[in-house]
Amino acid sequence: QVQRGAMPPWFAAAPAAGHDSPWANDRALSARDQADLLAWLEGDRAPGDPATAPLPRRFEDEWTIGKPDYIVQLPRPVAIKAEGVMPYQKATVETALSEDKWVTAVEVRPTAKAAVHHVLVFARPPGQRGRGSGDDSGDGTIGFFAAYVPGNTFQIYPEGFAKPLPAGTRLRFQIHYTPYGTATNDQMQIAFKFAPKPPRHRIHVVGIANPMLRIPAGAPHHPESASLPVPREARVLALMPHMHVRGKAFRFEWVNPEGVSKTLLDVPRYDFNWQLSYRMARPLDIPSGSRLRATAWYDNSANNPANPDPAREVRWGEQTYEEMMLGYVEYYFPDEGI
């Protein structure tokens, strides 16, 4: 698994030789570390000195973000059948907060982990009750707040950064359950840690999507793209691509006002089994008048072992056998006052 690049799970293109990784959460093994690990595995695997070994990891039933300040749970359990396909389950929950809060860490946790593929949580501030808020936008681009996806179940924001959670906010859960042979129930939770005072910077999230995608039957390398204007100077904090099992590669680009493009994130080998967020080691300045462009490539051919039906034209849809082209951008405005 290490030799073929499946472990550790990290799919961003490697930085140029002699350059540091631009990603704060880069999981990739360096060439030297990989060589050392493989040499040890091929040898007698000597244990070394037990006195200098790291302490054993302890896995306790605790929140990864630490003790939460506030927990919201679905009001009633969701019944999950033993077999078959379930449509996405959607539930809206009142936060019941009496005052505005600033979120410094957030974590989503199901009670039946084996039956949950992923969860998206959207925030609807007071006054946003109808279509066009939360996932009711149809393409998931508006109101995204938190996720529970393979390899990415919590987020702790850097010091001085936080997301607003106004009093009266409603949380909209979009849950993808995958029956695994045993009927069960799940009652999803989301936990928050709050800042004691307003942060220096407010975190925003926007999605770039192409809900009109159309992937021809048998196409081995079909591209789809979408873009968004940048109306004022912004700084990018993180990027997260999302496709389904026909997803092959994904790229985020910045197109400056002169029309020159620069790659922000290149994922040459996308893996649906790991929905990763790529966090900048240093925020990247994007000037006003630019555009952010996302391009996705799909393998709808018989050479894709995960393809459920290469003879079928594929369009946008929620289920895994359908497709999405969605890229989330986390950013802040350096001139925004709190």
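A donor-acceptor distance shorter than 3.5 angstrom exists from the side chain of Lys248 to the backbone of Pro220, with no hydrogens or angles considered. A donor-acceptor pair is defined here as one N or O able to donate and one able to accept, closer than 3.5 Å; such a pair exists between the side chain of Gln187 and the backbone of Leu74. Judged purely by atom type and a 3.5 angstrom limit, Asp100 uses its side chain to pair as donor or acceptor with the backbone of Ala167. The backbone N or O of Val245 lies less than 3.5 Å from a partner atom in the side chain of Asn304, making a donor-acceptor pair. With hydrogens and angles ignored, the 3.5 Å screen pairs no side-chain donor or acceptor of His222 with any backbone N or O of Ala296. A donor-acceptor distance shorter than 3.5 angstrom exists from the side chain of Arg269 to the backbone of Gly5, with no hydrogens or angles considered.
Pro179 and Met86 get closest at one heavy-atom pair: CG-CG, 4.0 Å.
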If you look only at distance, which donor and acceptor atoms sit under 3.5 Å apart when one is on a side chain in residues 226-234 and the other is two or more places apart or in another chain?
residue, atom, partner, partner atom, Å
Ser227, OG, Arg291, NE, 3.2
Ser227, OG, Arg291, NH2, 2.7
Arg232, NH2, Asp335, OD1, 2.9

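Residues that satisfy the ring pair (Phe, Tyr, Trp, His ring centres under 6.0 Å) test with Phe272, not counting sequence neighbours, are His117, His244.
Atom CE of Met212 has 12 or fewer heavy atoms from other residues, nucleotides or ligands within 6.0 Å. Counting non-hydrogen atoms of other residues, nucleotides and ligands closer than 6.0 Å to NZ of Lys81 gives a total above 12.
Rounding to the nearest 0.5 Å gives a distance of 6.5 Å between CG of Leu284 and CH2 of Trp254.
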Q | Chi angles and distances behind the side-chain contact (heavy atoms from CB on, under 4.5 Å) call for Glu318, Gln174 | A | CA-CA 10 Å; Glu318 295 180 336; Gln174 181 198 87; 4.0 Å; yes
Q: Evaluate salt bridge (Lys or Arg N to Asp or Glu O under 4.0 Å) for Glu159 paired with Arg200, printing each intermediate quantity in order.
A: CA-CA 9 Å; Glu159 184 177 355; Arg200 293 195 307 275; 5.5 Å; no
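Salt-bridge formation is detected for the pair Glu313/Arg214: a Lys NZ or Arg NE/NH1/NH2 atom is positioned less than 4.0 Å from an Asp or Glu carboxylate oxygen. Asp69 and Lys193 are not joined by a salt bridge, as no carboxylate oxygen comes within less than 4.0 angstrom of a charged side-chain nitrogen. Ionic pairing of Arg109 and Glu107 is not present here: no N-O contact between side-chain nitrogen and carboxylate oxygen is shorter than 4.0 angstrom.
Using a 30° and 60° split on the angle between ring planes, His204 and Tyr331 fall in the parallel class, below 30°. Note on ring orientation: taking the six-membered ring where Trp is involved, the planes of Tyr328 and Phe144 are parallel (angle under 30°, cut-offs 30° and 60°).
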